[in-house]
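Working notes for the structure below.
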Amino acid sequence: MSLDLSLRTAQGCDPRDLRGVLGQFATGVTVITTCTADGRKVGMTANSFSSVSLEPALVLWSLARSAPSLADFSAASHFAINVLGAGQHGLSRHFSRPASDKFAGVAHASGTAGVPLLDDVVATLVCRNVTQYEGGDHLIFIGEIEHYRYSGAEPLVFHAGQYRIAAAHPELAQ
Ligand SMILES: Cc1cc2nc3c(=O)[nH]c(=O)nc-3n(C[C@H](O)[C@H](O)[C@H](O)COP(=O)(O)O)c2cc1C
């Protein structure tokens, strides 16, 4: 951990340092899935997921322009957000690495437009792929939630480049 607490200039800084400050924001972990027109299943790990609006029910996530799946997600009518549970760090790693068929051996069902829905995740949101915005070296996807389910199980947490589990706050827990 850096003890240099002076304000640094972001422009021209070491990208690893920028990653370091952004990683201070703890997130959950999702696998975002879709299905191409020719039936190929696509999935990737993302922690950029966020809620946007309740009425209408909108969410967002961002995808690196360099990602091989960019064209597939851009063309998709729907995608699903699969929110991973505390024990699913292996699935997170699996979907963050290239593979000829990332779904081989991964338990899942098919949802709207063939979108893969992973079994036993904490929450599933099936979204219509509404629009995309430019976001520098990423593309920001906005989805409208059409269907959802959630189990209330413990989530997987990602913080400072590490997988973690959530704990009740000791000062607030009864
Ligand atoms: C915890 C975690 C979170 C990630 N979040 C994102 C993200 O939000 N957006 C992104 O483009 N890549 C993210 N990645 C990297 C992608 O999962 C990785 O580049 C993946 O291989 C892309 O899939 P593709 O090669 O099939 O396109 C993340 C990786 C990890 C391990």
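First listed ligand is number 1; within each ligand, the first listed atom is number 1. Here the structure is a predicted model, which is why all the values come from computation and not from measurement.
- Counting heavy atoms closer than 4.0 Å to ligand 1, residue Pro98 contributes nothing at all.
- At the top of the distance list for atom 9 (N) of ligand 1, counting protein heavy atoms only, stands Ser62 O, 2.9 Å.
- Between the side chains of Tyr150 and Thr124, no donor N or O sits under 3.5 Å from an acceptor N or O.
- For the pair Thr112 and His147, the minimum side-chain heavy-atom distance is below 4.5 Å.
- Shown here for Ala99 and Lys102, the closest heavy-atom pair between the two residues is CB-CG, 3.9 Å.
- Of the candidates Arg97, Lys102, Met44, it is Lys102 that places a heavy atom closest to atom 26 (O) of ligand 1.
- Atoms of ligand 1 found under 4.0 Å from any heavy atom of Leu63 (numbered from 1 in listed order, with element): 11 (O).
- The shortest N/O to N/O separation between Ala64 and ligand 1 falls below 3.5 Å.
- Given atom 25 (O) of ligand 1, the protein heavy atom at minimum distance is Pro68 CD, 3.3 Å.
- Nearest non-hydrogen protein atom to atom 8 (O) of ligand 1 is Ser48 OG, 2.6 Å.
- Of the protein's non-hydrogen atoms, the one nearest atom 17 (O) of ligand 1 is Thr45 O, 2.8 Å.
- Protein heavy atom at the shortest distance from atom 18 (C) of ligand 1 is Ser96 O, 3.5 Å.
- No more than 12 heavy atoms of other residues, nucleotides or ligands sit less than 6.0 Å from atom CG of Leu54.
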Could you pull out all donor-acceptor pairs under 3.5 Å where a side-chain atom in residues 74-81 meets a protein atom, sequence neighbours excluded?
unit_1	atom_1	unit_2	atom_2	d
Ser74	OG	Leu70	O	2.8
His78	NE2	Glu146	OE1	3.0

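- Residue Tyr163 touches ligand 1 through its side chain alone, judged by heavy-atom distances below 4.0 Å.
- Of the protein's heavy atoms, Ser69 OG, 2.7 Å lies nearest to atom 27 (O) of ligand 1.
- Remark: aromatic rings of Trp61 and Phe141 are close, center separation under 6.0 Å.
- Set against the non-hydrogen atoms of Phe158, the atoms of ligand 1 under 4.0 Å away are 1 (C).
- Side chain of Thr36 to main chain of Arg40: a donor-acceptor pair is present (N/O by atom type, distance under 3.5 Å, no hydrogens or angles).
- Ligand 1 has no nitrogen or oxygen under 3.5 angstrom from a nitrogen or oxygen of Ser92.
- Contacts between Arg93 and ligand 1 below 4.0 angstrom, taking non-hydrogen atoms only, are absent altogether.
- Aromatic ring centroids of Phe95 and Phe103 lie under 6.0 Å apart.
- Atom-to-atom distance recorded for Ile165:CD1 and Leu156:CG is 9.5 Å, nearest 0.5 angstrom.
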